Amino acid sequence: MKCPKCGDDNCQIINETTTKGKDFSAGKGCCGALLLGPIGILCGACGKGKQIRTTSYWVCSQCGHKFKA
């Protein structure tokens, strides 16, 4: 892959992962505990509200320019 800014072909692909949202829901944990007993508390840790996003882009080793292919 060639850098569109400087034309150098020494570029690396970078995968960046971002997360947002909650990992544990106390409400789901309490409801799970009432319905399923102590094992139901784990229902709150299922991460349903958590959103994971992965972005891939290239970085030029020569000039540091970030770009998508």
Side-chain angles (χ1 to χ4, degrees):
M1 180 64 64
K2 285 192 175 188
C3 176
K5 188 174 183 180
C6 71
D8 190 36
D9 61 349
N10 189 10
C11 299
Q12 294 180 332
I13 191 163
I14 303 292
N15 292 316
E16 189 176 83
T17 303
T18 56
T19 59
K20 70 178 188 178
K22 294 181 179 181
D23 285 338
F24 180 79
S25 170
K28 287 182 184 177
C30 289
C31 289
L34 291 174
L35 296 174
L36 302 173
I39 196 77
I41 294 173
L42 296 176
C43 292
C46 65
K48 294 256 184 201
K50 190 174 188 179
Q51 297 176 357
I52 300 171
R53 182 178 173 193
T54 303
T55 305
S56 299
Y57 57 90
W58 292 86
V59 176
C60 177
S61 299
Q62 184 69 26
C63 67
H65 180 65
K66 293 180 183 178
F67 60 96
K68 291 191 176 190

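Predicted, not measured: the structure shown is a model, and the values here were computed from it. Along the sequence shown, the residues carry numbers beginning at 1.
Taking NZ of K5 as the start and CD of Q62 as the end, the distance is 11.5 Å to the nearest 0.5 Å. From Q12, atom CD reaches atom SG of C60 across 10.0 Å, with rounding to the nearest 0.5 Å. Considering NZ of K68 and OG1 of T55, their distance stands at 5.5 Å, rounded to 0.5 Å.
Using a 4.5 Å cut-off between side-chain heavy atoms of Ile, Leu, Val, Met, Phe, Trp and Tyr, with links allowed through other members, I13 and M1 fall into the same hydrophobic cluster.
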Original post:
Step by step, would you call E16 with Y57 a side-chain contact (heavy atoms from CB on, under 4.5 Å)?
Top reply: CA-CA 8 Å; E16 189 176 83; Y57 57 90; 3.3 Å; yes
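Nearest heavy-atom pair, F67 versus C11, reported as atom, atom and distance to 0.1 Å: CZ-SG, 4.0 Å.
No donor-acceptor pair under 3.5 Å is formed between the side chain of T17 and the backbone N or O of T54.
Checking S56 against N15 by side-chain atom types alone, a donor-acceptor pair falls below 3.5 Å.
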